[in-house]
2 protein chains.
Amino acid sequence: MSIVNFKHDLFAQFARVAKALSNANRLELMEFLAQGERSVDALAEVSGLSVANTSQHLQQLRQTGLVLSRKQGLKVYYRLSGDDVIALLDSLRSVAEARMAEIDRLINAYLTIKDKLEPIASEELLQRVKDGLVTVIDVRPAEEYKAGHLKGAINIPLTELDSQLEKLGKEKEVIAYCRGPHCVLAYDAVARLRKKGRTARRLEGGYPEWRVAGLPVETSDK
Amino acid sequence: MSIVNFKHDLFAQFARVAKALSNANRLELMEFLAQGERSVDALAEVSGLSVANTSQHLQQLRQTGLVLSRKQGLKVYYRLSGDDVIALLDSLRSVAEARMAEIDRLINAYLTIKDKLEPIASEELLQRVKDGLVTVIDVRPAEEYKAGHLKGAINIPLTELDSQLEKLGKEKEVIAYCRGPHCVLAYDAVARLRKKGRTARRLEGGYPEWRVAGLPVETSDK
DNA sequence: CAAGTATTCAATAGAGTACTTGAATAGTAT
DNA sequence: ATACTATTCAAGTACTCTATTGAATACTTG
């Protein structure tokens, strides 16, 4: 094998991995998988894709080694094949957010629906917490919550929002936050809470912004 | 805009970045750009693509914000738009290597001497340089060396390795590096040095990885 | 201004991708 | 066994991507 061919074949393999990531539906499936193992029909339901289509996307991901599957009874469960895959996804997201003006445009277009999802500012939140007017929920996965969170916030990962609804008093307004200004978990949470008839808003920014601003947090003090 | 659409559009933007990375030729172009700024015809020459084709790939990369360009006189010079792009490429490479048996097969097919060419890690190299135990050589072409190289490394392009052998003390171990983890120049150099009876190893990674890790470099300070 | 060079544009053929539909497979429950 | 369920397979259509070719653009030099 010549050097040139070797190099080209090697790059072709890297390109295969990138190609597996080059579809919005597959990225969305992987975001769900990042939260834990899921069956095909569960993934089809949350993603809104047909079962056959979901299955085919999952097989593409499996062929490049990004996900693994196991069969148990009737169902096939898929999961991400390792933490380095999460790191790759984060790296992709971070480059995309940093570089693409298009994303800012999208976020701004979305946020023009101010009256529906107007965020609450940090100072206002602090005051309302003191006054006992709001319940603050952290919708990130439990591990991230454990590593550090807003003081007084309770952890309700997005996946458990429906089942843990009773933790939230019905009279208080709910404030949701997650990883950062672009993290869609908090948007989702607010939308779903409102569907259930609660009063909900999103915190401007996320945990990192809050911490950097010197506002009160609780950490695992590792 | 609904939350679902918003989320989907956001993932579609991330997917665009991944799609830009999903072609072997574009990845190869980016590896060259990781060494420094390059004109279109220089990139066309090293990649073996036609100029028009090269230009079109570069424009795709520019549209997703992965590279930037500037025009000077007749030529247009492209460069990576930031170090986070290098981090993304490394992350992609690392996931691909970890997951894809296909890549191992390729590497073994080409580099049958693979286990004889154990790489040295960055930290270990730094220590051994301090202790005066090793000579570090940069086997990339002179222009790439000039644009930036590991502090203290001497430039011996692969083509001149035989003729400049006397530059290397016979007692010290020689460490060779080039463009990146898969740049074959360093493998070649190590193999040839060993044939001449020298003790030689390859640096894990290459110049871009070293620089991004914040380790000491010397640049042309343009 | 004319000639030359580097890059980009435009049009095209051929290959690959996404999603749908309906059927096939493998396992469970009755 | 039979009915049922979750998943996968196979085929078809509409759409997109790559690389090639030749022309157009923008800049420099004589």
Side-chain angles (χ1 to χ4, degrees), chain A residues 4-5 7-9 11-30 32-33 37-64 66-79 102, chain B residues 4-5 8-9 11-30 32-33 37-64 66-79 102 143:
Chain A
V4 169
N5 285 345
K7 230 176 134 173
H8 192 83
D9 289 350
F11 279 118
Q13 297 307 321
F14 300 152
R16 272 188 66 198
V17 175
K19 187 169 274 176
L21 301 174
S22 73
N23 174 282
N25 290 326
R26 281 196 292 274
L27 288 177
E28 192 169 0
L29 289 173
M30 293 183 85
F32 291 125
L33 290 175
E37 218 180 36
R38 293 280 185 283
S39 66
V40 177
D41 67 345
L43 289 166
E45 189 174 0
V46 289
S47 66
L49 301 174
S50 74
V51 172
N53 197 7
T54 303
S55 171
Q56 283 172 35
H57 280 307
L58 289 169
Q59 277 166 77
Q60 279 192 57
L61 292 174
R62 186 169 53 189
Q63 272 166 29
T64 53
L66 292 170
V67 308
L68 301 171
S69 64
R70 71 185 173 86
K71 183 155 191 175
Q72 186 178 27
L74 276 178
K75 300 200 177 189
V76 177
Y77 292 91
Y78 282 84
R79 65 185 183 282
E102 188 66 10
Chain B
V4 169
N5 285 345
H8 191 83
D9 289 349
F11 278 119
Q13 296 308 321
F14 299 153
R16 271 189 67 200
V17 175
K19 187 167 273 175
L21 301 174
S22 74
N23 175 282
N25 290 326
R26 282 195 292 274
L27 289 177
E28 191 170 0
L29 290 172
M30 292 183 86
F32 289 123
L33 290 175
E37 218 179 37
R38 291 281 183 284
S39 66
V40 177
D41 67 345
L43 289 165
E45 189 174 1
V46 289
S47 66
L49 301 174
S50 73
V51 172
N53 198 4
T54 303
S55 170
Q56 283 172 36
H57 280 305
L58 289 169
Q59 277 166 78
Q60 278 191 57
L61 292 174
R62 185 169 53 189
Q63 272 165 27
T64 54
L66 292 170
V67 308
L68 300 171
S69 64
R70 72 185 172 86
K71 183 156 193 177
Q72 185 178 28
L74 275 179
K75 300 199 177 190
V76 176
Y77 292 91
Y78 283 84
R79 64 186 185 280
E102 188 67 10
E143 317 85 65

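Residue numbers begin at 1 in each chain, while the letters A, B, ... track the order of the sequences. The structure presented is a predicted model; accordingly, all values stated were derived computationally and were not measured.
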Worked check of side chain to side chain contact (heavy atoms under 4.5 Å, CB included) between B/Lys75 and B/Gln72: CA-CA 6 Å; B/Lys75 300 199 177 190; B/Gln72 185 178 28; 5.9 Å; no
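- Atom CG of B/Asp41 and atom P of C/dT7 are 4 Å apart (whole Å).
- In this structure, B/Arg70 places its CZ atom 12 Å from P of C/dT7, rounding to the nearest Å.
- Counting only heavy atoms from C-beta outward, the side chains of A/Leu21 and B/Leu21 never approach each other to under 4.5 Å.
- Across all strands, B/Thr54 comes closer than 4.0 Å to no nucleic acid atom at all (heavy-atom distances).
- Counting only heavy atoms from C-beta outward, the side chains of A/Leu49 and A/His57 approach each other to under 4.5 Å.
- A donor-acceptor pair is defined here as one N or O able to donate and one able to accept, closer than 3.5 Å; such a pair exists between the side chain of A/Ser47 and the backbone of A/Leu43.
- Remark: P of C/dT17 and CG of A/Leu21 are 14 Å apart, rounded to the nearest angstrom.
- Residue order along DNA chain C, read from the 5' end via each residue's closest nucleotide, puts B/Gln59 first among B/Gln59 and A/Ala52.
- At most 12 non-hydrogen atoms from other residues, nucleotides or ligands lie less than 6.0 angstrom from CD of A/Glu45.
- Contact of the B/His8 side chain with the A/Asn25 side chain is registered, since non-hydrogen atoms from C-beta on lie closer than 4.5 Å.
- The shortest distance between side-chain heavy atoms of B/Lys19 and B/Arg16 does not fall below 4.5 Å.
- Remark: P of D/dT8 and NZ of A/Lys75 are 13 Å apart, rounded to the nearest angstrom.
- B/Arg26 places a side-chain N or O within donor-acceptor distance of the main-chain N or O of B/Ala20, the cut-off being under 3.5 Å.
- Look at CZ on B/Arg38: it is 13 Å from P on C/dT7, rounded to the nearest Å.
- Per the geometry, CG belonging to B/Leu29 stands 13 Å off P belonging to C/dT7, to the nearest Å.
- At least one side-chain heavy atom of A/Leu61 sits under 4.5 Å from a side-chain heavy atom of A/Met30.
- At distances below 3.5 Å, at least one donor-acceptor pair connects side-chain atoms of A/Gln59 with backbone N or O atoms of A/Ser55.
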Footprint string (nucleotides 14-19 of chain D, 5' to 3'): B base within contact, S backbone only, - free, heavy atoms under 4.0 Å: ---SSB
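- Residues B/Arg79 and B/Val67 fail the side-chain proximity criterion, which asks for heavy atoms closer than 4.5 Å.
- Across all strands shown, A/Tyr78 has heavy atoms under 4.0 Å from sugar-phosphate atoms exclusively, and none from any base.
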Sequence-aligned protein contact record of nucleotides 25-30 of chain C, with B where the base is within under 4.0 Å of a protein heavy atom and S where only the sugar-phosphate is: --BS--
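- Within the structure, every side-chain polar atom (N or O) of B/Ser55 is placed at least 4.0 Å from both OP1 and OP2 of C/dT7.
- Across the protein-nucleic acid pair, A/Arg16 atom CZ and C/dT17 atom C1' stand 15 Å apart, rounded to whole Å.
- In this entry the distance linking CD of B/Glu45 with P of C/dA6 reads 11 Å, nearest Å.
- Rounded to 10°, the helix from C/dC1-D/dG30 to C/dT30-D/dA1 has 20° between the axis fitted to its first five pairs and the one fitted to its last five.
- A donor atom on one side chain and an acceptor atom on the other are not found under 3.5 Å apart for A/Thr64 and A/Gln60.
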